[in-house]
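The first residue in the sequence is number 1, and the count goes up from there. Indexing begins at 1, ligand by ligand and atom by atom, following the structure's order.
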Amino acid sequence: MICFPNAKINLGLNIISRRGDGYHNLETLFYPIGLRDGLEIVPSGREEDFRLFQTGATIQGDMDDNLVIKALKLISEEKKIPGIDIHLFKKIPFGAGLGGGSSDAAFMLKLLNDTFSLGYTVPELEQKAAEIGADCPFFIKNKPAFAKETGNLLEEVDLDLSSYFFVLVKPDITVSTKEAYSLISPVPPEIPLGEIIQKPVSEWKGLLKNDFEPPIFKKYPEICRIKEQLYAKGAVYASMSGSGSSVYGFFEKETDIRFDNCWVWKNKEL
Ligand SMILES: C[C@](O)(CO)[C@H](O)COP(=O)(O)OP(=O)(O)OC[C@H]1O[C@@H](n2ccc(N)nc2=O)[C@H](O)[C@@H]1O
Ligand SMILES: Nc1ncnc2c1ncn2[C@@H]1O[C@H](COP(=O)(O)OP(=O)(O)OP(=O)(O)O)[C@@H](O)[C@H]1O
């Protein structure tokens, strides 16, 4: 069976407080976008072992550290999974704030559940996804959702931005999520994100903020320049996604926009 794990962007990101477990309480809105990896599992006929064939962008670290293997091992602790060959095609850039690794892991949980009729419910899959990473649970239902706590408390929202022309820009910069959080001094937001997101998109600029932007823009001014250029080109709203490094912009109409030394995806390519 094959599936196509998609990426996400964060609409607003308030980091509210530091927790005793080293994580942070936040509020954000996860929004799925069309940029996708490819993930396939094929029963190999062998006993309970697995082989991972990874193509596309090269992932650092050894195979056992891959998040799809982490998902497989988590399920294998409870369920008997026959030998499988896993094919992962990477297109979603990592260290980009796009949740690529998290999406692969969550889709692997769903693929195993469906392929081998394991009987896990959506809440059970969301719980397993939360054991893999903070961004993973969102990708189980994979619908626009308001997230709180570490990003695991999800509430679906009725938000459709498909009428906008969407541009995603990834500079040749990889941002470590862990490092990005270490640069943050949590401050509760003046206006709750839930209130701002109810407003029209045209009112989000200056209100819907990503708390990672100030420290990340200071460390990587190029990322700030990309956001400025998106606004200069007429973006209704633009922001860095998650802990970065990618920046996105929504436009009322198709816009010819180019950036040197960046990956640029536009609506029809996503
Ligand atoms: C920045 C976001 O992408 C916004 O959606 C997420 O909060 C991060 O989600 P993620 O990349 O899946 O994060 P994980 O892989 O679970 O954690 C990576 C590191 O980020 C930090 N981390 C992550 C999530 C969170 N709520 N608080 C944190 O402090 C922790 O230091 C953790 O060790
Ligand atoms: N399947 C995978 N795809 C991408 N990265 C992976 C994968 N498995 C493990 N990794 C490792 O996890 C790290 C984080 O990957 P990625 O940034 O895509 O994850 P993410 O936390 O979901 O996304 P982001 O933090 O950028 O929003 C990568 O740098 C890579 O070393």
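- Between N6 and N142, the side chains place a donor N or O and an acceptor N or O closer than 3.5 Å (distance only, hydrogens not considered).
- For K8, the closest heavy-atom approach to ligand 1 falls below 4.0 Å.
- Not a single heavy atom of V175 sits under 4.0 Å from any atom of ligand 2.
- Contacts between M108 and ligand 2 below 4.0 angstrom, taking non-hydrogen atoms only, are absent altogether.
- By the 4.0 Å N-to-carboxylate-O rule, D256 lies close enough to R258 to be salt-bridged with it.
- Heavy-atom distances between G242 and ligand 2 stay at or above 4.0 Å for every pair.
- Cation-pi geometry between K79 and F116 is not met: the NZ or CZ atom fails to fall both under 6.0 Å from the ring centre and inside 45° of the normal.
- Counting non-hydrogen atoms of other residues, nucleotides and ligands closer than 6.0 Å to CG of D64 gives a total above 12.
- The closest approach between K70 and ligand 2 stays at or above 4.0 Å for every heavy atom of the residue.
- Ring orientation note: the planes of F251 and F165 are nearly perpendicular, at an angle over 60° on the 30°/60° scale.
- Counting atoms of ligand 1 from 1 in the listed order, those under 4.0 Å from a heavy atom of T150 are 26 (N).
- When non-hydrogen atoms are compared, ligand 2 lies under 4.0 Å from the side chain of D104 (C-beta onward) but not from its backbone.
- Counting heavy atoms closer than 4.0 Å to ligand 2, residue L88 contributes side-chain atoms (C-beta onward) but none from N, CA, C or O.
- When the heavy atoms of L39, T174, I59 are ranked by distance to atom 11 (C) of ligand 2, first place goes to I59.
- Checking S246 against S241 by side-chain atom types alone, no donor-acceptor pair falls below 3.5 Å.
- Of the heavy atoms in L67, both backbone and side-chain atoms come closer than 4.0 Å to ligand 2.
- Counting heavy atoms closer than 4.0 Å to ligand 2, residue S102 contributes atoms from both its backbone and its side chain.
- In E190, the CD atom is not crowded: 12 or fewer heavy atoms of neighbouring residues, nucleotides or ligands sit closer than 6.0 Å.
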